[in-house]
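Below is one structure, written out as structure tokens, with a few remarks after it.
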Amino acid sequence: MSSFIQKDDRLSDFREHIEFSIHGATHIGLGGDAGTRHAPNDFFFYMHHANIDRLWWQWQNNPGRLFQYNGPGSNGEAQLSDVIPEDRAVSFGNQAVGSVMILGFNGMCYYYDSAPVPPSRYPGESSNESGRMKLTPKRHVPVSLSGSSNVANHGLEIERIHMALDEQAGLKEFFPKVAQLEPSRMGIVPHRPGARSNKCGGGSEYRKPSAKHALVYPARMAQNWVKMHGFVPERVEKVYRDACRLIDLLNNSTYVSPY
């Protein structure tokens, strides 16, 4: 997920990557109703989708992405001025998508403790290709929701990735924002293949993981799941193969997963 958040500059790309990985895999892994169109019957559905929302907010908090909204919509290209469809059980009051893009404002009265906090002021008017859309934001005192998959020391994790893939092309491809960092400014001792061990500025020791600790390949999307959602099988397969390639790069480096 860290790789998707870093390298995807379009929401349509990020949505596809998250859909074909953590979102679909969790539904399929849970089984039962969670793997069908009756997934909301499973109470875990809401925790799972809250985590997807948290990851989206993390993705948004990168330059140029806060109001990034694109991809195929019901009436052509999706736009911030699109009205959220009404549901038989939940009414959205004819709100436009653009009015609920920022946590802590309007109806989004919450934030995640393992993700960026909401801005103190609304970022201003949102815009899209069809012109400008004026919003009248209302700020709330947001409720903190405890997030999942929170690495205790995110800075150390960045160092681990930078050291492990520093001399490989995979760093720029899968972690472009980490690749832009200068190792000398992070206290990193550059790794050299064949070295017994290295220590970063924080004193953590790195070693090549054994087969016992190797990262495993992600699960494939079940064919019935792909068919049910009308996904293009070739695109699903590409996301899977790219993920396997990243796993191979990490397993053949000094990277050691904190999980």
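When a residue number appears, it is its place in the shown sequence, counting from 1. Because the structure is predicted, anything quoted here is derived from the model rather than measured.
A donor-acceptor contact shorter than 3.5 Å links the side chain of Glu77 to the backbone of Gly71. Of the possible donor and acceptor atoms, one in the side chain of Asn106 sits under 3.5 Å from a partner among the backbone N and O of Ser99. A distance-only check finds no donor-acceptor pair linking the side chain of Asp42 to the backbone of Ala39 [under 3.5 Å]. Checking side-chain atoms of Tyr122 against main-chain N and O of Ile102 turns up no donor-acceptor pair under 3.5 Å. In terms of modelled atom types and a separation under 3.5 Å, the side chain of Ser253 and the main chain of Leu165 share no donor-acceptor contact. A distance-only check finds no donor-acceptor pair linking the side chain of Glu16 to the backbone of Val239 [under 3.5 Å].
For the pair Met221/Glu237, no side-chain contact is recorded, criterion being any heavy-atom separation below 4.5 Å from C-beta on. Under the 4.5 Å side-chain criterion, counting only non-hydrogen atoms from C-beta, Glu173 is not in contact with Leu249. No side-chain heavy atom of Phe174 sits less than 4.5 Å from a side-chain heavy atom of Ile161. Contact check for Tyr217 versus Asn251: no side-chain heavy atoms found under the 4.5 Å cut-off. Looking at heavy atoms from C-beta onward, Leu11 lies in side-chain contact with Trp56 at the 4.5 angstrom threshold. Here the side chains of Asp8 and Ile18 are not in contact, with every heavy-atom distance at 4.5 Å or above. Residues Pro116 and Tyr111 form no side-chain contact, since every pair of their non-hydrogen atoms from C-beta on lies 4.5 Å or further apart.
Here the CG-CG distance, from Leu80 to Asn70, works out to 9.5 Å after rounding to the nearest 0.5 Å. For the atom pair CG (Asn62) and NZ (Lys7), the distance works out to 13.5 Å, reported to the nearest 0.5 Å. The structure places CD1 of Ile5 at 11.0 Å from CD of Gln60, a figure rounded to the nearest 0.5 Å. Considering CD of Gln58 and OG of Ser2, their distance stands at 7.5 Å, rounded to 0.5 Å. How far CZ of Arg54 is from CG of Leu103: 12.0 Å, rounded to the nearest 0.5 Å. Here the CZ-CG distance, from Arg241 to Leu246, works out to 15.5 Å after rounding to the nearest 0.5 Å.
Applying the ring-ring contact (aromatic ring centres under 6.0 Å, His included) criterion to His38, with sequence neighbours excluded, gives no partner residue. Among residues two or more places apart in sequence or in another chain, the side-chain contact (heavy atoms from CB on, under 4.5 Å) test is passed with Val216 by none.
Under the 4.5 Å side-chain contact rule for hydrophobic residues, Leu55 and Val100 share a cluster. Grouping the Ile, Leu, Val, Met, Phe, Trp and Tyr side chains by contacts below 4.5 angstrom, directly or via other members, places Met1 apart from Met47. Residues Leu30 and Ile52 do not share a hydrophobic cluster, defined by chaining ILVMFWY side chains whose heavy atoms lie under 4.5 Å apart. Cluster annotation: Met228 and Phe20 are assigned to the same hydrophobic cluster (Ile/Leu/Val/Met/Phe/Trp/Tyr, side-chain heavy-atom contacts under 4.5 Å, transitive).
The two residues Ala96 and Ser81 have their closest heavy-atom pair at CB-O, 4.0 Å. The minimum heavy-atom distance linking Tyr110 with Pro118 is given by the pair O-CG, 4.4 Å. Annotation for His48 and Ile22: closest pair CE1-O, 3.6 Å, computed over non-hydrogen atoms.
Sequence neighbours left out, the pairs with a member in residues 59-76 that pass salt bridge (Lys or Arg N to Asp or Glu O under 4.0 Å) are Asp9-Arg65.
Relative orientation of the His229 and Trp225 rings is tilted, given thresholds of 30° and 60° on the angle between their planes. Aromatic ring orientation, Phe4 versus His17: parallel (interplanar angle below 30°, classes split at 30° and 60°). Taking the six-membered ring for Trp and thresholds of 30 and 60 degrees, Phe45 and His27 have ring planes more than 60 degrees apart, a perpendicular arrangement. Below 30°, between 30° and 60°, or above 60°: for Phe14 and Trp59 the angle between ring planes is below 30°, a parallel geometry.
The environment of NZ in Lys177 is crowded: more than 12 heavy-atom neighbours from other residues, nucleotides or ligands sit within 6.0 Å.
Ion pair Asp242/Arg245 flagged as a salt bridge, since at least one NZ, NE, NH1 or NH2 atom sits closer than 4.0 Å to an Asp/Glu carboxylate oxygen.
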- [ ] Could you walk me through whether His23 and His49 pass side-chain contact (heavy atoms from CB on, under 4.5 Å), step by step?
- [x] CA-CA 8 Å; His23 176 249; His49 281 253; 3.4 Å; yes
